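Predicted, not measured: the structure shown is a model, and the values here were computed from it. Chain identifiers are assigned alphabetically (A, B, ...) following the order of the sequence lines, protein sequences preceding nucleic acid strands; residue numbering begins at 1 within each chain.
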Amino acid sequence: MSSTPSGSRTYPQIYAVVRRIPRGRVATYGQIARLAERPGAARLVGYAMHRCPPGLPWHRVINAGGRISLPAGSTGALAQRRRLEAEGVRFAGDRVDLKRYGWSPNGAPE
DNA sequence: CGTGTGACGCGAG
DNA sequence: CCTCGCGCCACAC
């Protein structure tokens, strides 16, 4: 237990965390990495998201700056923003207020 | 079986 | 506000 040989479990773990993000809320890569028991591996989350399987609310994952990481103007970025707005997430310019829409893994029911 | 790399994070200048 | 650089880990070639 203490040493969770997550090893190859890392990806599934990341996906599991992303799936837990409630609708209308967003989580940052670093936060997900931490919840996936891989603190500091934010890049891994990004890597995992790049390979995200279908059915995953990948659009609820943004960077710590509250911005969409995908290249601005790219199809993915536009799709992500559109989905978030469809869930009630408002954008301040090209940024999201994490204080307001940031997901609290501890108990914050929406 | 080694190297590079990437939807990141953050301190410093 | 910006840029620069290091750390980080699994996966692709």
So which protein N/O to nucleotides 2-4 of chain C N/O distances come out below 3.5 Å?
none

Exercise. Rounded to the nearest Å, what distance is computed from the CZ atom of residue A:Arg38 to the C1' atom of nucleotide C:dC11?
Worked result: 15 Å
For this session: Using atom types as modelled and distance alone, determine if a side-chain donor or acceptor of A:Gln31 lies under 3.5 Å from a backbone N or O of A:Ser104.
Result: no
For this session: Keeping the roles fixed (side chain from A:Arg67, backbone from A:Asp94), state whether a donor-acceptor pair exists under 3.5 Å.
Result: no
For this session: Check the pair A:Gln80 / A:Leu70 against side chain to side chain contact (heavy atoms under 4.5 Å, CB included), numbers first and verdict last.
Result: CA-CA 9 Å; A:Gln80 180 167 18; A:Leu70 291 157; 3.7 Å; yes
For this session: Check for a donor-acceptor pair, side chain of A:Arg83 on one end and backbone N or O of A:His59 on the other, with a separation under 3.5 Å.
Result: no
Exercise. Are A:Leu35 and A:Trp103 close enough that some pair of their side-chain heavy atoms sits under 4.5 Å apart?
Worked result: yes
Problem set entry | A:Tyr11 six-ring face occupied by A:Arg51 cation (under 6.0 Å, within 45°) | no
For this session: For A:Arg43, enumerate each residue passing the salt bridge (Lys or Arg N to Asp or Glu O under 4.0 Å) test, keeping only those at least two apart in sequence or located in another chain.
Result: none
For this session: If a protein heavy atom is under 4.0 Å from the base, mark B; if only from the sugar-phosphate, S; if neither, -; do that for nucleotides 6-13 of chain B going 5' to 3'.
Result: BBBSS---
Exercise. Taking it one step at a time, do A:Glu37 and A:Gln13 satisfy side chain to side chain contact (heavy atoms under 4.5 Å, CB included)?
Worked result: CA-CA 8 Å; A:Glu37 302 184 65; A:Gln13 259 282 28; 3.0 Å; yes
